[in-house]
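To keep things clear, I will list the structure first and then write my remarks on it.
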Amino acid sequence: MDVQCYPISTVPGTTALLRDFLDPSAAADPALLRRWYPTEPFGFDWTKQAPELTPEHRDRLTALLLEEAARFGASPAARENIEQIRNGASAVVTGQQVALFGGPLLTLLKAATAIRKAQDATTRTGRPHVPIFWLASEDHDLAEVDQAAFPVKSEIETLTLGVETGRPLPVGGLRVGNNSDAGRARLEATLDRAGELIGWGPVADLLRECYAAEQGTTLAVAFGKLLTAIFSEFGLIVMDACSRGFHELGAPVLRAAIERAAALETALLTRSDELTRSGYHAQVLVTPGHSLLFLLDAETGARLPLRRTPDAHWKAGARSYSTADLLAILDSAPERLSPNALLRPVFQDAILPTAAYIAGPAEIAYFAQSAVVYETLLCRVTPVLPRLSATLVEPALAKVMGSHELDLPQLWAEKTPEALALRLGARAMPIELKRKLSAAGNALDAELGALTEYMTAMSSELGRAAGVSANKMRYQMNRLRRMAASFEVQREASLRKHANALMLNLFPEGHLQERLIAGVYFLARYGDGLPKLLVENAGQECPGHRVLYL
């Protein structure tokens with residue numbers, strides 16, 4: 001199998017913050033980056049940190065994880081890793097929202113990276129490190145998780161369960177059959193269609209087993225079962241931390257977020273300003289009155305953001321709470337309080353013995369802000385490491401790319417199938433036509449350049465007019481090139497077909513493949529070998545984007 005690595009700067013949509021995080025030497029102020037991210041993203045200094053938890057905490061955590069293992073049908077390897085936590089192991093943690101059918105490929109890339117980094121850390125230090133996948137089941141953005149996308153002939157087909165709530169409920173607890181005959185029928189139809197798209201076989205059977213409505217399965221349980229099964233060989237620990245038990249373990253962080261809200265707000269506003277003044281972006285908008293917490297409404301179950309009012313009270317929806325009210329809720333029903341994106345990693349690391357967190361691009365940006373929350377509440381900052389970023393190229397597509405001498409950055413640069421087809425058409429033109437177009441273009445550029453320079457020397461106004469006219473002539477020359485390329489595309493139908501297939505599978509709808517196409521699509525095509533392949537390639541030899549030619 002061929003593997004290529006491309007710099008992150010070539011990847012579309014990459015932010016300045018991510019580029020400089022991955023290569024601090026290129027940053028305007030590397031010392032500033034190191035303040036936000038104390039650990040090298042491609043080093044192993046993080047393995048020297050062994051998070052300390054009391055034996056009592058580890059015992060309670062182990063008991064809760066074993067309950068999760070029973071819910072998700074964990075393998076003996078996963079149960080053994082859970083017992084390792086009781087005995088003092090550190091964890092390499094990652095997480096993701098509980099998207100339908102496991103969500104896009106990036107879910108598998110995150111899990112594979114956590115597994116690989118845990119393996120590497122164990123080998124390097126001799127101290128056990130175990131991989132943990134944290135289900136972000138308390139999020140309430142249902143539209144974002146109720147979808148799974150598959151390439152079909154000439155388009156992307158997105159499957160949904162059509163779950164409806166009418167209010168912002170935590171998505172993990174929603175039933176996959178929506179507790180109705182219509183919902184169960186929709187689930188059955190969606191599973192049937194998924195089977196048609198990926199091909200009937202073991203993966204289609206696994207989806208049906210994990211998303212069985214008759215068992216009252218929730219989105220979180222179905223996602224947890226699926227991920228547990230996919231990486232069963234590697235002992236991946238999967239956990240849903242929405243229960244009272246986990247919230248009791250993390251309650252000190254939730255309490256501090258209530259009691260120290262003003263100090264946290266000030267620190268976050270300062271960090272956001274620091275980011276923007278340095279030419280970066282603040283991933284989460286922090287405004288005065290901002291809170292790091294959500295509250296589940298006792299009557300409706302809706303997950304509502306908590307905001308601080310000028311009179312030192314709190315509001316969630318139409319209701320007001322005092323600080324004492326929130327602390328009382330935390331004592332009696334801690335599961336009603338949940339962290340936002342900036343507090344969640346800190347809450348997580350108060351519960352788990354986290355040595356490092358495996359993050360995607362958005363999460364890496366979160367950590368630049370979350371660092372001040374870590375420092376305030378835990379007096380330390382968990383190291384953040386980048387997940388494997390990869391595009392999988394199947395043999396038929398690789399053959400097409402080879403025939404046109406295309407690489408992935410060239411494909412990304414074209415952005416649309418139409419633009420890529422023109423590129424292929426230009427390459428397919430007869431050599432003599434290419435020579436004539438090139439000669440004409442070069443001659444035109446040379447003559448227009450000389451003429452513009454001469455007229456500018458006569459008069460600046462004449463020079464400006466000459467420049468405008470020259471640009472119009474160059475535009476017409478480029479239009480002639482496009483027309484010639486378009487003629488080749490029309491004459492050779494396979495060019496458009498190739499362009500459509502490449503874009504559909506490798507840059508679908510202008511998105512990275514890993515961010516859109518469902519991971520189970522590739523799992524169905526490559527079986528048990530795919531998780532092993534991803535784990536093998538999830539080291540940090542490539543500080544950018546990997547292309548795996550399958």
Side-chain angles (χ1 to χ4, degrees), residues 1 72-73 96-112 133 144-163 176-177 184-213 217 219 221-233 236 238 388 390-400 500-509 511-535 548-550:
M1 185 191 71
F72 300 143
Q96 185 66 21
Q97 294 156 305
V98 290
L100 180 63
F101 300 155
L105 176 63
L106 66 86
T107 299
L108 304 188
L109 300 180
K110 278 187 167 183
F133 197 102
E144 189 171 357
V145 301
D146 185 21
Q147 56 180 300
F150 301 86
V152 183
K153 294 183 179 178
S154 60
E155 63 180 4
I156 294 293
E157 182 171 339
T158 302
L159 303 184
T160 72
L161 294 182
V163 180
V176 295
R184 284 187 284 273
R186 178 66 180 267
L187 170 64
E188 190 65 24
T190 304
L191 285 168
D192 284 344
R193 182 57 179 157
E196 293 171 359
L197 294 177
I198 64 177
W200 299 106
V203 175
D205 292 341
L206 178 61
L207 288 181
R208 190 167 291 278
E209 178 185 334
C210 294
Y211 287 80
T217 301
L219 285 172
V221 169
F223 185 102
K225 285 183 173 180
L226 179 62
L227 201 61
T228 298
I230 292 172
F231 291 100
S232 61
E233 174 187 347
L236 179 67
V238 179
L388 169 65
T391 294
L392 308 185
V393 182
E394 299 187 66
L397 295 173
K399 185 176 181 181
V400 171
N500 289 341
L502 290 173
M503 281 294 189
L504 177 69
N505 289 276
L506 304 181
F507 196 38
E509 299 180 354
H511 298 284
L512 293 181
Q513 178 198 77
E514 63 184 23
R515 301 197 63 82
L516 188 66
I517 298 179
V520 292
Y521 170 81
F522 297 100
L523 187 69
R525 298 170 75 82
Y526 293 93
D528 294 341
L530 182 66
K532 294 179 183 177
L533 175 68
L534 297 182
V535 171
L548 309 182
Y549 290 90
L550 302 175

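Note that this is a predicted model, so its numbers are computed, not measured.
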Using a 3.5 Å cut-off and no angle test, enumerate the donor-acceptor pairs between side-chain atoms of residues 194-203 and protein atoms at least two apart in sequence or in another chain.
residue: E196; atom: OE1; partner: R193; partner atom: NH1; Å: 2.8

In short, L109 meets A390 closest at the heavy-atom pair CD1-N, 3.9 Å
Under 3.5 Å donor-acceptor pairs involving side-chain atoms of residues 519-533, not counting sequence neighbours:
residue: R525; atom: NE; partner: E394; partner atom: OE1; Å: 2.6
residue: R525; atom: NE; partner: E394; partner atom: OE2; Å: 3.1
residue: R525; atom: NH2; partner: E394; partner atom: OE1; Å: 2.9
residue: Y526; atom: OH; partner: E394; partner atom: OE1; Å: 3.0

Looking only at heavy atoms, the pair that brings A501 and L397 closest together is O-CD2, 4.0 Å
**Request:** Check the pair L506, L502 against side chain to side chain contact (heavy atoms under 4.5 Å, CB included), reporting the backbone distance first and the verdict last.
**Result:** CA-CA 6 Å; L506 304 181; L502 290 173; 4.1 Å; yes
Residue set satisfying side-chain contact (heavy atoms from CB on, under 4.5 Å) with R184, at least two apart, ordered chain then number -> D181, A213
Sorted by chain and number, sequence neighbours left out, side chain to side chain donor-acceptor pair (under 3.5 Å) with E514 holds for R387, S389
Rounded to the nearest 0.5 Å, the CD1 atom of I156 sits from the CZ atom of F150 at a distance of 10.0 Å
d(L548 CG, L534 CG) to nearest 0.5 Å is 7.0 Å
With sequence neighbours left out, the residues meeting side-chain contact (heavy atoms from CB on, under 4.5 Å) with A185 are none
R515 meets the side chain to side chain donor-acceptor pair (under 3.5 Å) criterion, sequence neighbours left out, with none
In terms of heavy-atom contacts, A111 and F231 come closest through CB-CE1, 3.5 Å
In short, side chain to side chain donor-acceptor pair (under 3.5 Å) pairs touching residues 145-155 with sequence neighbours left out are none
For E188, the salt bridge (Lys or Arg N to Asp or Glu O under 4.0 Å) test, sequence neighbours excluded, returns R208
Closest non-hydrogen contact found for Y211 with A99 is OH-O, 3.8 Å
Sorted by chain and number, sequence neighbours left out, side chain to side chain donor-acceptor pair (under 3.5 Å) with T228 holds for none
By side chain to side chain donor-acceptor pair (under 3.5 Å), T160 pairs with (sequence neighbours left out) R186
Sorted by chain and residue number, the side-chain contact (heavy atoms from CB on, under 4.5 Å) partners of A229 (sequence neighbours excluded) come out as L206
Taking every heavy atom of A148 against every heavy atom of L100, the minimum-distance pair comes out as CB-O, 3.7 Å
Heavy atoms of L392 and L550 approach each other most closely as CB-CD1, 4.0 Å
Exercise for review: Go through F133 and T107 one step at a time and tell me if the side chain to side chain contact (heavy atoms under 4.5 Å, CB included) criterion holds.
Suggested key: CA-CA 10 Å; F133 197 102; T107 299; 4.0 Å; yes
Taken in chain and number order and not counting sequence neighbours, the residues that satisfy side-chain contact (heavy atoms from CB on, under 4.5 Å) with S232 are S75
Exercise for review: Just do the side chain to side chain contact (heavy atoms under 4.5 Å, CB included) check on L105 and I517 with the steps written out, would you?
Suggested key: CA-CA 6 Å; L105 176 63; I517 298 179; 5.8 Å; no
Value for OG1 (T158) from CG (L516), rounded to nearest 0.5 Å, stands at 6.5 Å
Kindly determine whether L227 and L108 satisfy side chain to side chain contact (heavy atoms under 4.5 Å, CB included), including the steps that lead there. CA-CA 8 Å; L227 201 61; L108 304 188; 4.2 Å; yes
